[in-house]
Amino acid sequence: MALPSFSRWLRENSEHYLMIDAHERLAKRYSGTRPPTRPHGIVELFWRRVFAPTYRALPWPLRHRVMRAMPGSHRQTWSPPPEPREPAV
């Protein structure tokens, strides 16, 4: 099994912990909703208590520049539309 690249690992972890952060904030906003489990270990504590709040605090232009600088699927551009052809019928 091949190891994922650093950029892929970073993107997957970022998405995962930002989703947990959003879940946590929604649970605080709406009573009766169960929040996610508490962080376990130093790594999860970093992602949830340092990374996610710092990411939310960054202004969008800075976040956008960082994302554009990272290699990955978010840098791929849309393919041009196919050339129009004659109708099939």
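As the structure is a prediction and not an experimental result, all values here were calculated from the model.
Glu44 places a side-chain heavy atom less than 4.5 Å from the side chain of Tyr17. Residues Arg48 and Asp21 fail the side-chain proximity criterion, which asks for heavy atoms closer than 4.5 Å. Residues Ser14 and Tyr55 are not in side-chain contact: their nearest non-hydrogen atoms beyond the backbone lie 4.5 Å or more apart. Side-chain atoms of Arg49 and Pro39, non-hydrogen and from C-beta on, do get closer than 4.5 Å to each other.
Follow the hydrophobic side-chain contacts under 4.5 Å out from Ile42 and you reach Trp9 in the same cluster. Ile20 and Leu10 end up in the same hydrophobic cluster when Ile, Leu, Val, Met, Phe, Trp and Tyr side chains are linked at under 4.5 Å. If you chain together hydrophobic residues whose side chains sit under 4.5 Å apart, Val50 and Trp47 fall into the same group.
Note: Phe51 and Phe46 have tilted aromatic rings, judged against thresholds of 30 and 60 degrees for the angle between ring planes.
No donor-acceptor pair under 3.5 Å is formed between the side chain of His16 and the backbone N or O of Arg11.
Put simply, CG on Leu58 and NE2 on His64 are 14.0 Å apart, with the number rounded to the nearest 0.5 Å. Note that CG of Asn13 and CZ of Arg8 are 12.0 Å apart. Values are rounded to the nearest 0.5 Å.
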Walk me through it: do Arg56 and Glu24 pass the test salt bridge (Lys or Arg N to Asp or Glu O under 4.0 Å)?
CA-CA 14 Å; Arg56 275 197 332 265; Glu24 194 169 46; over 6 Å; no

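Shown here is Leu62, whose CG atom has more than 12 heavy atoms of other residues, nucleotides or ligands within 6.0 Å.
Pro35 and Ala27 get closest at one heavy-atom pair: CA-CB, 3.6 Å.
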